[in-house]
Amino acid sequence: MFSGPSVLWPGTFAILGLSEATWGSEVSTPEIFKDLNPEQLKAVKTTEGPLLVVAGAGSGKTRVLTYRIAYLVGVCGIPPEQIIAVTFTNKAAREMQERVVDLLGPDSKGTWVSTFHSTCVRILRREINHLGRSRGFVIYDEADSLGTLKESLKLHGLDPKGHDARRLRWRIDQWKNAGELPHQAAESATDLEAEQSAEVYASYQRLLLDANALDFGDLLLLTAMLFRNHPEVLGHYQDRWAYVLIDEYQDTNRVQYELVNALTSKHRNLCVVGDPDQSVYAWRGADIRNILDFERDYADANVVVLDRNYRSTQAILSGAGAVVANNVDRPEKEMKAERGQGEQIHFYRAENERDEAAHVIGNIISMSRENDRVLSDFAIFYRTNAQSRPLEEELLKYDVPYVVVGGTRFYDRAEVKDVLAYLRLLVNPADSMALRRIINKPPRGIGKTTILRAEAIAQRDEISLLEALRLYSDQENRTGKNVRTFFQLLESMSESVHDVGPEEALGLVLDKTGYIRHLERANTPESEMRIENLRELVAGAGDFEFTNLEEGIERPVLELFLDQVALVTDLDNVDGLTERVSLMSAHSAKGLEFPVVHLVGMEEGLFPHAASSRDHEAIEEERRLCYVGMTRAMEHLTLTWAEERRRFGGREIAIPSRFLSEVPDHLHDGPSPEDSFRGPAAAYGGERSLDYEYGQLEPDAGASAGVRVRHAIFGEGVILKSIGSGPKQKLRIRFDRAGVKTVVTKFANLEFF
DNA sequence: GTGACTCACTTTTTT
DNA sequence: AGTGAGTCAC
């Protein structure tokens, strides 16, 4: 926990502008830096040239970053606006900003602390015209972007349904993460499928351009393009930011690497902070090589290793360390605990997910009564967001206040997206995804047929969907009338919406469209909740307006609001001050810490997740994720697993996670994971057996989703679902060659491996 | 064009 | 178990 004084040293600003030389060395270093250990101090004071800080879990990484900024400004006299610090979440950015202000006072605000994505948005809002595009672009979220991709699939005469679209969307994202434009993707394509995908990528980009929209990947990719093709623009930012700090460097992907490189290639004052053991975003294109190769890429780099852990007890740290030590592809590193041994890690074997929830919540309730514990001391982590439900039910049962971080974003709720889509359309009439979304919400008699026809016209005449639709208003039939009414509605809003803030604009939309009245008519608990959410949205817009009034307004507040909505996540709204138990995925937990942590669902197929058990690298990432989860705990850590779990509506037999058996016995109490192994499933316990040993699959034994099996006729496949139990147990299996089949376990003679 | 119904699929993790 | 897409009758 950060514990710096709120005022650093008297007369901070008296020393502004003084160089370190003026202050001499160690002796005259301001008092506050005595809080740092020698390595941390070195990381803070090595201000010139490239610096890699390998900061293990709990080693005071954020403290180093904030003190470094304080040092640069307060001691070296660097103007705050020449410093940029980039983080991964808005929350981390805000936290860092606050701490810097604590250290240096409000005048340090000129330092730019923000995420890669927000930084890119701000740059693009100023400079995107250099790429021949308009500054008024909108940011498409996942759903909009998937919708757009489906449109482009249609253009290619391909089936836009389900799986393929998602896979392709993912593929395009990977290209963007790698910094590749469509033509580069096409060049590197080695097979027909890749070629075709690259073509779809090209037309997808075309559609985005038509809608004047950027997806998440574009924010980074287009900024990289800007820097590639416009040295004068790059030069401006290189000079502006003479000192660059990057947090969570192990999670950067290739475009981000390129951006960082470009920005720092002139002054070379680059400080990156990261921990290879906490790299958990490879699936999103993060390239662990960025940190592993740092010393090669920057031959003159200084390296500081922070290996003292101030957060966790020895037991927790050793347990987590023992788990991650099983990774082969990992530089040798061991953390030293500064705190005492502490209590053992606790293991709990639950009958099912409800028993698991009851145990965890019971534990929290009884612990909250002792030792001055407050509810915000407690956190529950899981691998997948869907696991929050039984926990929430249990918390509700006992009236324990809690907050679920992540999962469905507030701004992803249908009603919220609808109303925001009206604003988006008003701000950017080219936004066809927004138009599609709201054209008939609430119902106004403009249905599928009309939209389909308008789409065809839009495509043929190369006009926007809105323009195409406008052609219908001349028709003297019912459709024509409905369309006219719709355009009148838009016009009645468009004039005033530009002159008012987001709060009023939302009110206007709700009023004119009759959206709330439509919900009220439904009069169900569901619709009431939606109305409640919309009120929350309006209130949130009011807050946004309020906090953004004093900032220098470069663009209409309404547009800033829409940017923020696109980039903000629930995680950004966690504040440790509220009296609540926190529930979140292990990914969301990164960067946080809690005195008491429960890590639930430690089962094969869940954690490590089934989707990751295919290859070795993915398993290692799961293991790092487990390490991240465990090392969030300061004093108390409980790992739980269930022997049986409801998943996809059916009951499934679960096998304890291999990570459990990687925690040395003497470091934990409670049952051993081996205790509950059923039959030959024991052979499936460790990674060794996963790769090399085989067993015969019998009913109820190890038949959980995600387990790979081999069938004499159908070949290899992966279990999707187990139905029933005992001799009648059946398995739904997706075979690599033969497709999805249902087999009776007893007769199928399956080998698993 | 709307609403009720069926069915398939979902679950990784997030800016 | 719950959602979203697709189908069908009005």
Side-chain angles (χ1 to χ4, degrees), chain A residues 86-93 114-121 139-143 145-146 150 160-163 165-166 170 173 176-177 214-220 248 251-253 255-256 279-286 381-390 405-409 412 414 439-440 442-452 477-479 482 522 526 563 566-572 584-590 601 605-614 618 621-622 624-626 628-629 645-652 705-706 720-721 732 734 740:
Chain A
V86 184
T87 62
F88 268 78
T89 64
N90 296 297
K91 177 179 187 281
S114 85
T115 65
F116 269 107
H117 292 265
S118 331
T119 304
C120 289
V121 171
I139 303 165
Y140 268 7
D141 66 12
E142 196 63 37
S145 124
L146 192 63
K150 286 181 178 171
K161 275 201 287 284
H163 252 47
R166 288 216 169 161
W170 179 83
D173 214 44
K176 292 189 175 181
N177 286 333
L214 272 61
D215 68 13
F216 283 127
D218 282 342
L219 298 176
L220 305 174
E248 307 278 15
D251 289 330
T252 51
N253 58 38
V255 218
Q256 287 165 332
S279 158
V280 292
Y281 285 107
W283 55 273
R284 199 172 84 183
F381 303 153
Y382 33 75
R383 177 65 236 271
T384 65
N385 286 307
Q387 287 167 258
S388 72
R389 179 149 297 175
V405 177
T408 320
R409 289 165 69 235
D412 280 343
I439 193 160
N440 207 25
R444 55 174 65 91
I446 306 177
K448 285 170 226 164
T449 322
T450 311
I451 299 172
L452 228 54
N477 53 21
R478 187 187 243 133
T479 307
N482 292 338
E526 169 90 6
D563 276 0
L567 295 175
V568 83
T569 64
D570 274 5
L571 180 63
D572 304 325
M584 67 189 84
S585 71
H587 281 91
S588 297
K590 195 148 74 74
L606 198 51
F607 203 174
H609 197 273
S612 300
S613 35
R614 278 166 283 112
E621 177 149 312
E622 294 281 321
R624 290 191 294 270
L625 184 60
C626 181
V628 166
R645 183 175 294 272
R646 276 185 179 281
R647 242 181 131 192
F648 305 126
R651 266 197 305 280
E652 283 170 22
L720 297 175
K721 180 176 184 173
R732 259 174 93 71
R734 187 198 304 275
V740 177

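So that the names make sense, note that chain A is the first sequence line, chain B the second, and so on, each numbered from 1. When reading the values below, keep in mind they use all heavy atoms of this one structure, side chains included, and skip hydrogens, waters and symmetry mates.
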N/O (side chain, A/Ser585) to phosphate O (OP1/OP2, B/dT14) under 4.0 Å: yes
Donor-acceptor contact below 3.5 Å, side chain A/Asn482 vs main chain A/Gly445: yes
5' priority, DNA chain B, between A/Gly445 and A/His609 [closest heavy atom]: A/Gly445
Interatomic distance where CD belongs to A/Glu652 and P belongs to B/dT10 [whole Å]: 14 Å
A/Trp283 over B/dT13, stacked by centroid distance under 5.5 Å, angle under 30°: yes
Rounded interatomic separation in angstrom, taking OH from A/Tyr382 and P from B/dT12: 16 Å
Nucleotide of B/dT12, C/dG2, B/dT14 approaching A/Ser588 most closely (side-chain heavy atoms): B/dT14
Any A/Thr449 side-chain N or O less than 4.0 Å from OP1/OP2 of B/dG1: yes
Short side-chain N/O contact from A/Asn385 to OP1 or OP2 of B/dT14, under 4.0 Å: yes
Donor-acceptor contact present, side-chain A/Asn440 to main-chain A/Pro443, <3.5 Å: no
Length of the CG-C1' vector between A/Asp412 and B/dT14, whole Å: 11 Å
Nearest-angstrom distance from the residue atom CZ of A/Arg389 to P of B/dT11: 14 Å
Set of side-chain hydrogen bond (donor to acceptor under 3.5 Å, both in side chains) partners for A/Tyr382, sequence neighbours left out: none
Distance below 4.0 Å between A/Ser612 side-chain N/O and B/dT12 OP1 or OP2: no
A/Leu220 backbone acceptor or donor facing A/Gln256 side chain under 3.5 Å: no
Short side-chain N/O contact to B/dT12 OP1/OP2 from A/Arg647, under 4.0 Å: no
Integer-rounded Å distance: B/dT15 P and A/Asp563 CG: 16 Å
A/His587-B/dT13 aromatic stacking (under 5.5 Å, under 30°): no
Residue A/Arg383, side-chain heavy atoms: nucleotide from B/dT15, B/dT13, B/dT2 that is nearest: B/dT13
A/Glu621 side-chain N/O to A/Ala282 backbone N/O, donor-acceptor pair under 3.5 Å: yes
Sugar-phosphate only, base, or nothing, as touched by A/Phe116 at under 4.0 Å among non-hydrogen atoms: nothing
Separation of B/dT15 C1' from A/Lys176 NZ (nearest whole Å): 13 Å
Quick test: give all pairs of protein nitrogen or oxygen and nucleotides 5-8 of chain B nitrogen or oxygen below 3.5 Å, distance rounded to 0.1 Å.
none

Short side-chain N/O contact from A/Thr450 to OP1 or OP2 of B/dG1, under 4.0 Å: yes
Heavy-atom donor-acceptor pair, A/Arg383 side chain to A/Phe607 backbone, under 3.5 Å: no
N/O donor-acceptor pair under 3.5 Å between A/His587 side chain and A/Val280 backbone: yes
Sugar-phosphate, base or nothing in reach of A/Glu142, heavy atoms under 4.0 Å: base
Out of C/dG2, B/dT14, C/dT7, whichever nucleotide has its closest atom nearest the side chain of A/Lys448: C/dT7
Integer angstrom distance from the P of C/dG4 to that of B/dT13: 16 Å
For atom CZ of A/Phe381 and atom C1' of B/dT13, their distance in whole Å: 14 Å
Side-chain N,O (A/His117) to OP1/OP2 (B/dT15) below 4.0 Å: no
Expected output: side-chain A/Thr119 to main-chain A/Thr115 donor-acceptor under 3.5 Å: yes
Side chain of A/Ala611 - closest among B/dT12, B/dT14, B/dT15: B/dT12
Side-chain N,O (A/Asn440) to OP1/OP2 (B/dT2) below 4.0 Å: yes
A/Met584 CE - B/dT13 P separation (whole Å): 15 Å
Short side-chain to backbone donor-acceptor contact, A/Arg444 and A/Ile439, under 3.5 Å: yes
Touch class at under 4.0 angstrom, heavy-atom based, for A/Arg646 against every strand present: nothing
